[in-house]
Amino acid sequence: MRISTWNINSIRSRLPRVLDFLCRSNVDVLAMQEIKCRVSQFPVEAFLASGYQVFVNGLNQWNGVAIAVRADLDAQVLGTEFSGKIPQPPFGKPPVVEPRALGVRVAGIECWSLYVPNGREIDNPHFAYKLAWLEALRSHAHTLLAANPTALGLFMGDFNIAPCDEDVWDIQEFVGATHVSVPEREAFARLLQSDTLAQAVSLDETAISRIGTDSTNCGGLVEVTRQFAPGWTYWDYQKARWRRNQGMKIDFALATPNLADKITGAFIGREERDGEKPSDHVPVVLEL
DNA sequence: ATGCCTTCCTTCGGAAGA
């Protein structure tokens, strides 16, 4: 079975590329982020014609997530809300929960497509929102595993965090920036099983032991792409980042331990950053 | 050279992305 995650940066701009990728790569489940459209604007018929059922969470031109599942697979929507309450952004009237999460149960696996808030700048209210959003995700994962330690759960998407210094082309360029800060890396680490932290994030021993001892309240997940698929998943459109190969590794798949044991490989579809109208992210594909 | 790009909208300028 093949499961993929991809921040496509607008389904209406990327439809031919996404359908081509689905068929060519023999993908069974695709978690998409940044569809940038309302549910009514999503090209459902085109997916059906290509042999995929598709589930959509989209409100307007911002954010939005979807999951395509091969038509012959059994799939049920879980929802757009975590058991850990998803926070509202620090703006907007009336207040609304942004479409950044969608869960579908596929073949016994609880699959989530996630678009973690960007954070903007460290001192921006959006940054606190990002941390609160990640805490809601941690709470959900913790609750899932507390209820059933053998649960099969997969939390895929654009995490907007570079967990390790090597996950950006030059860490010196990111001094004082979001995506690499200690609070973000700690929030990412708290999603994980405590004994997988040391190799999963660039944090000092004090921070790792502090988070690691908090095992009664950790997410309990395992990041399952890095060991099979090293390298970056995003290159900014600006400043010729792709041509100069200056990228970031910010797209991941976090699995519950029982599902992590079933992962046999992963790869990054780098070729999707080339050619006509690419997204700035490329797909990450898991093999089970 | 801020190596200035891509997407969206009650659209031709601004917001957001990371």
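Lettering follows sequence order; numbering is per chain, from 1. Quick caveat: nothing in here was measured; it's all calculated off a predicted structure.
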Between the base of B:dC5 and the side chain of A:Gln238, is one N or O donor paired with an acceptor at under 3.5 angstrom?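 Present.
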
Hey, could you give me the NE2/CG distance between A:His142 and A:Leu221, rounded to the nearest 0.5 Å?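 Here the rounded value is 11.5 Å.
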
About how many Å separate CG of A:Leu144 and NE2 of A:His140, when rounded to the nearest 0.5 Å?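 A:His140 atom NE2 to A:Leu144 atom CG measures 5.5 Å (nearest 0.5 Å).
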
A:Lys249 side chain vs A:Gly231 backbone, donor-acceptor pair below 3.5 Å: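 Checking the backbone N and O of A:Gly231 against the side chain of A:Lys249, a donor-acceptor pair under 3.5 Å is found.
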
Donor-acceptor pair, A:Gln193 side chain versus A:Thr256 backbone, under 3.5 Å?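 Not at all, since once roles are kept as given, no pair shorter than 3.5 Å links the two residues.
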
Can you tell me the base-pairing partner of B:dT11? Count Watson-Crick or G-U wobble geometry only, both distances below 3.5 Å, and say none if there is no partner.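 Checking every strand shown, B:dT11 finds no partner, since no pair has both distances under 3.5 Å.
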
Could you check how far [atom1] of [X] sits from [atom2] of [N], rounded to whole Å?
| X | N | atom1 | atom2 | result |
| --- | --- | --- | --- | --- |
| A:Lys277 | B:dC5 | NZ | P | 15 Å |
| A:Asn9 | B:dA16 | CG | C1' | 10 Å |
| A:Gln33 | B:dT6 | CD | C1' | 18 Å |
| A:Gln61 | B:dA15 | CD | P | 13 Å |
| A:Asn63 | B:dA16 | CG | P | 11 Å |
| A:Asn124 | B:dA16 | CG | C1' | 12 Å |
| A:Lys130 | B:dA16 | NZ | C1' | 14 Å |
| A:Arg100 | B:dG17 | CZ | C1' | 10 Å |

Categorize [X] for me: base, sugar-phosphate, or nothing, with a 4.0 angstrom heavy-atom threshold over every strand shown.
| X | answer |
| --- | --- |
| A:Arg38 | nothing |
| A:Asn60 | nothing |
| A:Tyr115 | sugar-phosphate |
| A:Thr178 | nothing |
| A:Asp236 | nothing |

For DNA chain B, whose closest nucleotide is more 5', that of A:Arg244 or that of A:His281?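 Looking at DNA chain B, the more 5' nearest nucleotide goes with A:Arg244.
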
Between [N] and [M], how far apart are the two [atom1] atoms, rounded to whole Å?
| N | M | atom1 | result |
| --- | --- | --- | --- |
| B:dT6 | B:dT11 | C1' | 15 Å |
| B:dG3 | B:dG14 | C1' | 24 Å |
| B:dT2 | B:dG17 | C1' | 16 Å |
| B:dA16 | B:dT10 | P | 14 Å |
| B:dC12 | B:dA1 | C1' | 26 Å |

Using a cut-off of strictly less than 4.0 Å, decide whether [X] has a side-chain nitrogen or oxygen near OP1 or OP2 of [N].
| X | N | answer |
| --- | --- | --- |
| A:Gln41 | B:dT7 | no |
| A:Arg12 | B:dC9 | yes |
| A:Ser10 | B:dC8 | yes |
| A:Lys239 | B:dA1 | no |
| A:Arg120 | B:dA15 | no |

A:Trp6: which other cluster members, linking ILVMFWY side chains closer than 4.5 Å, directly or transitively?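 Members other than A:Trp6 - counting any ILVMFWY side chain reachable under 4.5 Å - are A:Ile8, A:Ile11, A:Leu15, A:Val18, A:Leu19, A:Phe21, A:Leu22, A:Val27, A:Leu30, A:Met32, A:Ile35, A:Val39, A:Phe42, A:Val44, A:Phe47, A:Leu48, A:Tyr52, A:Val54, A:Val56, A:Phe267, A:Val285.
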
Taking ring pair (Phe, Tyr, Trp, His ring centres under 6.0 Å) as the cut-off, I'd like each qualifying pair that reaches into residues 54-79 of chain A, sequence neighbours left out, listed once.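 Listed by first then second residue: nothing to list.
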
A:Ala240, nearest nucleotide to its side chain (from B:dC9, B:dC4, B:dT7):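 For A:Ala240, the side-chain atoms sit closest to B:dC4.
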
Of the candidate nucleotides B:dT7, B:dC4, B:dG17, which contains the atom at the shortest distance from the side chain of A:Glu34?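 The closest nucleotide is B:dG17.
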
Checking A:Lys130 against A:Asn160: is there a side-chain donor and acceptor pair closer than 3.5 Å?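 Their side chains do not contain a donor-acceptor pair, so the 3.5 Å distance test is not met.
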
